[in-house]
Amino acid sequence: MFIFIISPVGQWDFDHKDGSTLIFLFTLSQPPLQISFLGTGTSSGVPMVGCHCEVCRSASPKDKRQRSSILIESPETNVVIDAGPDFRQQMLSAAVEKLDAILLTHSHKDHIGGLDDVRAYNYFQKKPMQVYATAATLNRVKVEFDYAFAEVKYAGVPSIELHTINESDAFTIGDLKILPIPVWHMFMPVVGFRTGDFTYITDANRIDDNSKERIRGSKVLVLNALRKEKHISHFTLDEALALADELQVEQAYFIHLSHQMGLHDEVSAALPANRHLAYDGLKIKIS
């Protein structure tokens, strides 16, 4: 049996062995962070094409949701989690001129579909874009963007350097120490990420106990909450609220929201003070 103990500062350390139990201390040092919510919508986005519900017709900018993605900024490092079909517009809207890496949670198109647009960063930064994901996700990236990995490449194709992550092992990008968090999207493995006191999870409806322990102690948890009604592969709002309470996180922000969730202002008014519907363009700081 493995027990993971998470503490705010430091590195992986072997603590001791007691019978069959291995105890590891994982500690995450954290520089001050700014988190920008680039997109907070589900795979169809909000408004949904062809829909005339009150959410899709809403004039509030908080009811306009691109596909889910965030930007993590530290003093040294800029990292985006997921690059869906709205990636280019998100980078323009957030004025992201420097991008060190992209982390991918899984291979669904609404999370990888915009990778071709790293070409602009290739041009201005004069180097390949660093992309981190599990082997299964990277294999799908190589299929979807086969021209970027061809032996003989056309001029102008994106330059992408792939880094395989192991769900058990932390890794470092710049001044960010990042811990993968395995979760389940029905039967599909998905990876969330924690750095310091911040945890990000999208596209999940089940989290095993070991992964819950990796989340516990986070000051801020970002978690998917598709809608209020039960769904086969996503947490509902009530399920996401219950998980945030179970793990005793100080602040929770809900993403991957569909138009079925309801109007942002109405749903937000009914939530506890430390539980929030995120929205595109929201920025939070974690020190």
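In this text, all values refer to a predicted model and were calculated from it rather than measured experimentally. Below, all heavy atoms of this structure are taken into account, side chains as well, without hydrogens, waters or symmetry copies. Quick note: residue numbers are just sequence positions, from 1.
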Would you say K230 has more than 12 foreign heavy atoms packed within less than 6.0 Å of its NZ? no

Could you give the distance from CD1 (I70) to CD1 (I255), rounded to the nearest 0.5 Å? 7.5 Å

Would the distance check show the side chain of H264 and the main-chain N or O of L277 forming a donor-acceptor pair, the cut-off being under 3.5 Å? yes

Side chain to side chain, K62 and D265, heavy atoms closer than 4.5 Å: yes

Any donor-acceptor pair under 3.5 Å from D175 side chain to P31 backbone: no

OG-CG distance between S258 and L226, expressed to the nearest 0.5 angstrom: 4.5 Å

Can you tell me if N122 uses its side chain to pair, donor with acceptor, with the backbone of S159 under 3.5 Å? yes

Rounded to the nearest 0.5 Å, what separates atom CD1 in I207 from atom CD in E246? 9.0 Å

In this structure, would I35 and I178 fall into the same cluster of hydrophobic residues linked by side-chain contacts under 4.5 Å? yes

Flag this pair as yes if the NZ/CZ of K126 is under 6.0 angstrom from the six-membered ring centre of Y123 and inside a 45 degree cone about the axis; otherwise no. yes

F193 and F171 aromatic ring geometry - parallel, tilted or perpendicular at 30°/60° bounds: perpendicular

Check: H276 and S268 side chains under 4.5 Å, non-hydrogen atoms: no

If we only count heavy atoms from C-beta on, is the F254 to R275 side-chain gap below 4.5 Å? yes

The reported gap from CG in L103 to OH in Y132 (rounded to nearest 0.5 angstrom) is 8.5 Å

Distance-minimising heavy-atom pair for W184 and D208: NE1-OD2, 3.1 Å

Between A204 and V183, which heavy-atom pair has the shortest distance, and what is it? CB-CG2, 3.8 Å

Are side-chain heavy atoms of M188 and S107 found at a separation under 4.5 Å? yes

Crowding at CZ, F124 (>12 non-hydrogen neighbours, <6.0 Å): no

Determine whether Y279 and V55 fall in the same hydrophobic cluster, where Ile, Leu, Val, Met, Phe, Trp and Tyr are linked whenever their side-chain heavy atoms lie under 4.5 Å apart. no

Pairwise side-chain contact, K98 with V96, heavy-atom cut-off 4.5 Å (strictly under): no

Between I284 and Y253, does a side chain to side chain contact (heavy atoms under 4.5 Å, CB included) hold up when you go through it step by step? CA-CA 10 Å; I284 59 175; Y253 293 84; 3.6 Å; yes

List the steps, then state whether side chain to side chain contact (heavy atoms under 4.5 Å, CB included) holds for L243 with K212. CA-CA 9 Å; L243 182 61; K212 286 182 180 180; 3.9 Å; yes

Hey, what do you get for CD1 (I81) to CD1 (I72), rounding to the nearest 0.5 Å? 4.0 Å

Does a side-chain N-to-carboxylate-O contact under 4.0 Å join R88 and D86? no

Exam field: side chain K153 to backbone A150, donor-acceptor pair closer than 3.5 Å: yes

Worked check of side chain to side chain contact (heavy atoms under 4.5 Å, CB included) between K228 and Q260: CA-CA 8 Å; K228 297 175 182 177; Q260 295 168 317; over 6 Å; no

State whether the side chain of H108 and the backbone N or O of D110 hold a donor-acceptor pair below 3.5 Å, judged by distance alone. no

Over 12 foreign heavy atoms within 6.0 Å of CD, Q248: no

Heavy-atom side-chain contact between P272 and L241 under 4.5 Å: yes

When every non-hydrogen atom of S287 is compared with those of K219, the smallest separation belongs to O-NZ, 3.9 Å

Over all atoms of both residues, closest heavy-atom pair of H185 and S233: ND1-O, 2.8 Å

Which atom pair, heavy atoms only, marks the closest approach of E76 to G174? OE1-C, 4.5 Å

Does D100 form a side chain to side chain donor-acceptor pair (under 3.5 Å) with T77? I'd like the steps, not just the answer. CA-CA 6 Å; D100 297 296; T77 309; 4.7 Å; no

Just wondering, do S218 and D197 contact through their side chains at under 4.5 Å, heavy atoms? no

Within this structure, what is the CG-CG distance for the pair D82 and L104, rounded to the nearest 0.5 Å? 6.0 Å

Cluster question for you: counting only ILVMFWY and a side-chain heavy-atom cut-off of under 4.5 Å, with indirect links fine, are L282 and Y200 together? yes

State yes or no: do V80 and I165 share one hydrophobic cluster built from I, L, V, M, F, W and Y residues joined by side-chain heavy-atom distances below 4.5 Å, directly or via other members? no

Would one find more than 12 heavy atoms of other residues, nucleotides or ligands at under 6.0 Å from atom CD of E97? no

May I ask you to decide if P180's main-chain N or O and R214's side chain share a donor-acceptor pair within less than 3.5 Å? yes

Closer than 3.5 angstrom, by distance alone: can the side chain of T195 be matched with the main-chain N or O of K177 as a donor-acceptor pair? yes

Under 4.5 Å between any side-chain heavy atoms of M261 and L237, yes or no? yes

Please give me the minimum heavy-atom distance between P47 and K64, naming the atom from each residue. CD-CD, 4.0 Å

Write out all pairs satisfying side chain to side chain donor-acceptor pair (under 3.5 Å) with one or both partners inside residues 43-60, taking only residues at least two apart or from two chains. S58-D63

Name of the residue among L38, I102, D116, L115 meeting side chain to side chain contact (heavy atoms under 4.5 Å, CB included) with F87: I102

Please report, to 0.1 Å, the donor-acceptor pairs under 3.5 Å made by any side chain of residues 134-143, with sequence neighbours excluded.
unit_1 : atom_1 : unit_2 : atom_2 : d
T134   : OG1    : T137   : N      : 3.4
T134   : OG1    : T137   : OG1    : 3.2
N139   : ND2    : A135   : O      : 3.3
R140   : NE     : E144   : OE2    : 3.3
R140   : NH2    : E144   : OE2    : 3.1

Residue that, paired with H256, satisfies side-chain hydrogen bond (donor to acceptor under 3.5 Å, both in side chains) out of N224, T40, D203: D203

Indicate, with yes or no, if L92 and L99 share a hydrophobic cluster defined by side-chain heavy-atom contacts under 4.5 Å among Ile, Leu, Val, Met, Phe, Trp and Tyr. no

Taking S168's backbone N and O only, do any of them form a donor-acceptor pair with N166's side chain (distance below 3.5 Å, no angle check)? yes

For the backbone of T42 and the side chain of R67, can you confirm whether one donor and one acceptor N or O come within less than 3.5 Å of each other? no

Apply the test side chain to side chain contact (heavy atoms under 4.5 Å, CB included) to residues H111 and T202: give CA-CA distance (whole Å), side-chain angles for both, the deciding distance (0.1 Å), then the verdict. CA-CA 10 Å; H111 296 265; T202 185; 3.8 Å; yes

